[in-house]
Amino acid sequence: MFEVGDYIIYGNSGVCKVTDVGPIDIGGEKSGRLYYTMIPCFSQDGKIFTPVDNDKILMRSVIDKENAIKLIDDIKNIEDLWIADEKKREYDYKEAIKTCEPREMIKIIKTIYKRKQSRIAAGKKITASDEKYFKLAENSLYGELAITFEMTKDEAKEFVVKRVEGIE
């Protein structure tokens with residue numbers, strides 16, 4: 001169970017801070033069920049209330065610093081999702097996004113980055129689908145790392161790029 005003050009990944013809402021754990025007031029009466037009250041860290045969605053025992057939406061702790069460094073140091077070894085079929089690729093992007101796992105976000109980012117470079121070299125633009133999933137993956141990955149390393153998303157991205165390129 002998460003505690004007040006914990007940062008967690010809550011499905012597609014991304015990183016949220018748990019602000020309360022307990023029954024909630026529904027129409028003037030306290031529910032008998034325990035709920036997390038959370039505030040998304042990188043959106044203005046207000047508060048999120050979800051049952052502690054919710055098994056329909058992924059909830060997990062934010063990656064810790066040690067595992068984040070290991071992940072970043074392994075980026076060059078993480079395979080991309082190179083798929084020729086456009087519909088299959090978009091399906092795989094969606095499935096990877098649903099996992100909310102940093103390693104899957106890296107796969108998407110690497111795949112789309114390579115596709116973008118290839119398309120630009122061929123005189124083409126990035127597809128709308130690629131642009132959409134690239135932004136989703138970056139927001140997810142750098143949002144989580146920003147909380148882990150206590151920095152902004154932009155600083156987290158810069159940290160990752162420098163570390164991968166060996167500029168520290």
Side-chain angles (χ1 to χ4, degrees), residues 1-72 74-75 78 81 89-113 126-164:
M1 191 160 120
F2 302 111
E3 305 292 327
V4 172
D6 286 350
Y7 288 95
I8 68 169
I9 301 300
Y10 180 69
N12 289 335
S13 296
V15 182
C16 296
K17 183 175 183 175
V18 177
T19 59
D20 193 26
V21 180
I24 59 172
D25 192 347
I26 302 174
E29 293 187 30
K30 292 278 186 186
S31 68
R33 200 169 179 191
L34 290 179
Y35 284 79
Y36 292 121
T37 303
M38 301 175 285
I39 298 175
C41 294
F42 298 105
S43 70
Q44 303 301 320
D45 290 343
K47 290 184 179 180
I48 297 172
F49 303 92
T50 191
V52 168
D53 60 354
N54 182 348
D55 61 356
K56 295 186 180 3
I57 297 178
L58 178 123
M59 287 188 279
R60 66 167 175 81
S61 297
V62 171
I63 192 170
D64 62 39
K65 287 181 182 178
E66 180 182 338
N67 286 311
I69 292 294
K70 286 179 186 175
L71 177 73
I72 294 165
D74 196 38
I75 284 177
I78 296 174
L81 301 170
R89 183 180 316 110
E90 185 167 357
Y91 175 80
D92 285 0
Y93 289 165
K94 282 181 189 175
E95 292 303 304
I97 292 288
K98 282 183 196 176
T99 70
C100 303
E101 287 297 328
R103 184 170 290 275
E104 295 301 310
M105 298 309 115
I106 290 168
K107 288 179 183 180
I108 292 171
I109 292 166
K110 285 180 74 170
T111 300
I112 296 172
Y113 179 81
I126 187 170
T127 66
S129 174
D130 280 356
E131 186 73 32
K132 171 185 168 184
Y133 289 103
F134 190 78
K135 285 180 181 175
L136 286 170
E138 278 199 323
N139 280 331
S140 177
L141 177 66
Y142 298 129
E144 183 168 1
L145 294 176
I147 295 299
T148 298
F149 294 117
E150 299 175 7
M151 49 179 67
T152 68
K153 281 188 196 181
D154 289 340
E155 290 169 336
K157 182 176 181 177
E158 185 179 331
F159 174 78
V160 169
V161 170
K162 285 182 177 179
R163 189 159 179 107
V164 169

- Measuring from S140:OG to L145:CG, what's the distance to the nearest 0.5 Å? 9.0 Å
- Message: Please report the interatomic distance CD1(I63) to CZ(F149), rounded to the nearest 0.5 Å.
- Response: 8.0 Å
- Message: Can you tell me how far apart CD1 (I75) and CZ (R103) are? Round to the nearest 0.5 Å.
- Response: 9.0 Å
- Shortest non-hydrogen separation from I108 to A137 and the atoms involved: CG2-CB, 3.7 Å
- Message: A side-chain contact here means heavy atoms from C-beta on lying under 4.5 Å apart; do Y133 and I112 qualify?
- Response: yes
- Item | Heavy-atom closest contact (Y7 atom, V62 atom, distance) | O-CG2, 3.3 Å
- Message: Could you tell me if the side chain of L34 sits less than 4.5 Å from the side chain of P23, heavy atoms only?
- Response: yes
- Task: Show the numbers, then the answer: is there a salt bridge (Lys or Arg N to Asp or Glu O under 4.0 Å) between E95 and K98?
- Result: CA-CA 5 Å; E95 292 303 304; K98 282 183 196 176; 3.2 Å; yes
- Test applied, side chain to side chain contact (heavy atoms under 4.5 Å, CB included); reference residue, M59; option that passes from V52, I8, I9: I8
- salt_bridge(E104, K107) N-O dist < 4.0 Å: yes
- Query: Is the number of heavy atoms from other residues, nucleotides or ligands within 6.0 Å of OH (Y91) greater than 12?
  - Reply: no
- Gap separating the OG1 atom of T148 from the CG atom of D64, nearest 0.5 angstrom: 7.5 Å
- Query: Is it true that E144 and R60 have a side-chain N and a carboxylate O under 4.0 angstrom from each other?
  - Reply: yes
- In Å and rounded to the nearest 0.5 Å, what is the CZ to OG1 distance from F49 to T19? 7.5 Å
- Message: Evaluate M105 against Y142 for side-chain contact (heavy atoms from CB on, under 4.5 Å), listing each step before the verdict.
- Response: CA-CA 10 Å; M105 298 309 115; Y142 298 129; over 6 Å; no
- Message: Do I78 and L71 make a side-chain contact, defined as non-hydrogen atoms from C-beta onward lying under 4.5 Å apart?
- Response: yes
- Item | D53 vs R33 side-chain heavy atoms within contact, under 4.5 Å | yes
- Task: State, without any angle test, whether D130 and Y93 hold a side-chain donor-acceptor pair at a distance under 3.5 Å.
- Result: yes
- Item | K153 atom NZ: more than 12 heavy-atom contacts under 6.0 Å | yes
- Message: Could you report the tightest heavy-atom contact between V18 and Y36, atom names first, then the distance?
- Response: CG1-CD2, 4.1 Å
- Task: Would you check if E3 and V21 make a side-chain contact, meaning some heavy-atom pair closer than 4.5 Å?
- Result: no
- What's the shortest heavy-atom distance between A146 and F42, and which atoms? CB-CZ, 4.1 Å
- Less than 4.5 Å apart, any side-chain heavy atom of R163 and any of I69? yes
- Task: Mind listing the closest non-hydrogen atom pair of C16 and P40 along with its distance?
- Result: SG-CA, 3.8 Å
- Task: Rounded to the nearest 0.5 Å, what's the gap from CD on E150 to CD on E155? Could you check?
- Result: 11.5 Å
- Message: Are the side chains of Y10 and I48 in contact, using a 4.5 Å heavy-atom criterion?
- Response: yes
